[in-house]
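All remarks here apply to the structure that follows.
Please read all numbers here as calculations on a predicted model, not as lab measurements.
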Protein chains: 2
Amino acid sequence: MTQQARVFDQLLQIAAILQKDMAQSFEGTGLTGARTHLLWELAALGPSPQNALAAALDVSARNVTGLVDALEAGGYVSRAPHPTDRRISVVSLTGLGEATMARMQREHQMLSEGLVDGLKEVERIEGDLDELIRRLQIVLTPETFENGGTAASRPEAAS
Amino acid sequence: MTQQARVFDQLLQIAAILQKDMAQSFEGTGLTGARTHLLWELAALGPSPQNALAAALDVSARNVTGLVDALEAGGYVSRAPHPTDRRISVVSLTGLGEATMARMQREHQMLSEGLVDGLKEVERIEGDLDELIRRLQIVLTPETFENGGTAASRPEAAS
DNA sequence: TATTGTTATACTCTATAACTATA
DNA sequence: TATAGTTATAGAGTATAACAATA
């Protein structure tokens with residue numbers, strides 16, 4: 001039962017493809033992966049304190065300051081004072097930010113449809129992927145093996 | 001044919017899981033994703049000029065200099081002069097580097113097996129994944145849509 | 001003249017710690 | 001006293017450009 005386990009490498013390959021696509025995507029736009037991630041969260045949450053964004057993104061407050069600075073400079077978001085708590089700055093999408101997100105959501109939808117267009121047994125595949133995701137989370141749980149996970153995702157997936 | 005296309009999001013979720021695992025993996029080891037990637041390539045290629053590593057990793061020569069510096073400081077690789085071309089420095093795995101790679105390959109194998117252990121129809125799933133990979137590369141080809149790809153990998157996959 | 005690797009410089013993401021302004 | 005966001009500092013990955021040594 002040893003040699004035939006290509007599945008893991010296939011998943012790594014998928015991760016690599018998606019990551020590379022994302023990295024190449026933001027050229028000249030002033031956007032980056034991290035900044036766009038913040039935009040997605042902001043679109044989902046609505047106007048938010050940087051506080052909440054840091055929690056949503058699972059990054060430090062300092063990091064959010066930098067991302068919002070850059071997005072503000074690019075015209076994608078704006079900061080406004082909180083009506084009652086003057087410590088808080090509320091971040092909102094600008095018109096450009098909204099338009100950008102609308103476009104991205106549209107493109108995401110198109111790609112999503114294009115990926116499965118004409119594919120047989122899509123629902124069964126979705127079930128298989130759910131099972132793989134479930135197993136992946138178990139298998140990568142550090143306690144499962146003595147290792148910290150590292151070896152798992154051999155960095156082929158990283159570039 | 002619109003609403004049911006979960007597959008793309010599932011793939012993004014897989015990418016996010018693998019990336020997160022990889023990021024968490026290198027704690028205190030002096031290794032990182034990029035450095036480990038170089039080690040994998042080096043293990044595959046054998047002793048190589050930095051030149052070749054830059055090509056294999058698809059990264060600038062400057063970048064390789066930094067990665068090799070760090071790996072050399074950590075004792076994972078060593079630089080040696082090329083026998084005939086004195087411009088070239090040949091990078092090799094040290095004993096520690098070899099041992100580290102052997103361990104990682106072992107762990108990778110274990111995870112690979114653990115992922116599919118007891119799973120039904122593994123070969124069919126592998127075929128489905130191959131098809132998805134193929135389609136992914138087509139769908140993400142920039143020319144396919146007017147976009148640069150960005151929207152594709154909504155950065156949920158990035159953190 | 002072309003190539004290898006380096007130094008110089010710069011940008012991005014990320015973190016912790018110290019500090020300010022507010023609650 | 002605790003919280004929100006900032007400045008200060010630092011490490012890591014990445015890039016281009018200029019430069020040295022060598023082909």
Side-chain angles (χ1 to χ4, degrees), chain A residues 16 19-20 22-39 41 47-74 76-91 155 157-159, chain B residues 16 19-20 22-39 41 47-74 76-91 155 157-159:
Chain A
Q19 187 182 313
K20 183 159 217 165
M22 193 174 62
Q24 293 178 332
S25 301
F26 319 95
E27 310 261 297
T29 60
L31 289 178
T32 63
R35 292 171 195 172
T36 305
H37 191 175
L38 192 151
L39 291 183
E41 292 295 343
S48 309
Q50 296 187 189
N51 200 14
L53 294 172
L57 298 172
D58 194 26
V59 275
S60 67
R62 176 61 184 89
N63 199 343
V64 170
T65 297
L67 295 174
V68 172
D69 283 351
L71 287 167
E72 200 173 31
Y76 294 101
V77 307
S78 60
R79 278 188 250 234
H82 188 279
T84 68
D85 188 337
R86 298 198 305 182
R87 294 171 301 180
I88 295 175
S89 91
V90 179
V91 182
S159 99
Chain B
Q19 188 181 314
K20 183 159 216 165
M22 193 175 63
Q24 293 178 333
S25 301
F26 318 95
E27 309 260 299
T29 59
L31 289 177
T32 63
R35 292 171 194 172
T36 304
H37 191 175
L38 191 150
L39 291 183
E41 291 295 345
S48 309
Q50 296 186 190
N51 200 15
L53 294 172
L57 298 173
D58 193 26
V59 146
S60 68
R62 175 61 185 90
N63 199 342
V64 170
T65 297
L67 296 174
V68 171
D69 284 350
L71 287 167
E72 201 174 30
Y76 294 100
V77 306
S78 60
R79 278 188 250 234
H82 188 281
T84 68
D85 189 337
R86 297 198 305 182
R87 293 172 301 180
I88 295 175
S89 90
V90 179
V91 182
S159 101

Using residues 83-91 of chain B as the side-chain source, report each donor-acceptor pair under 3.5 Å to any protein atom, sequence neighbours left out, with the distance given to one decimal.
unit_1: B:T84; atom_1: OG1; unit_2: B:H82; atom_2: ND1; d: 3.4
unit_1: B:D85; atom_1: OD1; unit_2: B:R87; atom_2: N; d: 3.0
unit_1: B:D85; atom_1: OD1; unit_2: B:R87; atom_2: NE; d: 3.1
unit_1: B:D85; atom_1: OD2; unit_2: B:R87; atom_2: NH2; d: 2.9
unit_1: B:S89; atom_1: OG; unit_2: B:Q50; atom_2: OE1; d: 3.3

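As rounded to whole Å, 12 Å separates atom C1' of C:dT4 from atom CZ of B:R79. Distance CG (B:L71) to C1' (D:dG13): 13 Å, rounded to an integer number of Å. Distance CG (B:L31) to P (D:dG11): 18 Å, rounded to an integer number of Å. Atom CD in A:Q50 sits about 14 Å away from atom C1' in D:dT7, given to the nearest Å. Note: CG (A:N51) to P (C:dA23) measures 15 Å, nearest angstrom. In this structure, CD of A:Q19 is placed 14 Å from P of C:dC13, rounded to the nearest angstrom. In this structure, A:H82 atom NE2 and D:dT3 atom P are separated by 16 Å, rounded to whole Å. Atoms CG (B:L53) and P (C:dT4) sit 13 Å apart, rounded to a whole Å.
For the pair A:A56 and A:E41, the tightest heavy-atom approach, listed with the atom from each and the gap, is CB-OE1, 3.8 Å. Smallest separation of non-hydrogen atoms from A:T36 and A:F26: OG1-CE2, 3.0 Å.
Sequence order on DNA chain D of the closest nucleotides to A:D69 and B:R86 puts A:D69 first from the 5' end. Across the interface with DNA chain C, nearest-nucleotide mapping of A:L67 and B:A52 shows B:A52 to be the residue nearer the 5′ end.
Here the side chain of B:R35 is nearest to one of C:dC13, D:dA12, D:dT6, namely D:dA12. Here the nucleotide nearest the side chain of A:V59, chosen from C:dT7, C:dA15, D:dT16, is C:dA15. Among the nucleotides D:dT3, D:dG5, C:dT7, the one closest to any side-chain atom of A:I88 is D:dG5. Of the listed nucleotides (C:dT6, D:dG5, D:dA4), D:dA4 has the atom at the smallest distance from the side chain of A:R87. Taking every side-chain heavy atom of B:R62 into account, D:dA15 is the closest of D:dT22, D:dG5, D:dA15. Across D:dG5, D:dA15, C:dT6, the shortest atom-to-atom separation from the side chain of B:N63 is found for D:dA15.
Taking only side-chain nitrogens and oxygens, A:S60 never comes nearer than 4.0 Å to OP1 or OP2 of C:dT14. Residue B:T65 has no polar side-chain atom (N or O) positioned under 4.0 Å from OP1 or OP2 of C:dG5.
Summarising the geometry, atom CG belonging to A:L39 is positioned 9.5 Å from atom CG belonging to A:L67; distances are rounded to the nearest 0.5 Å. Note that CG of B:L71 is 9.5 Å distant from CZ of B:R79, once rounded to the nearest 0.5 Å.
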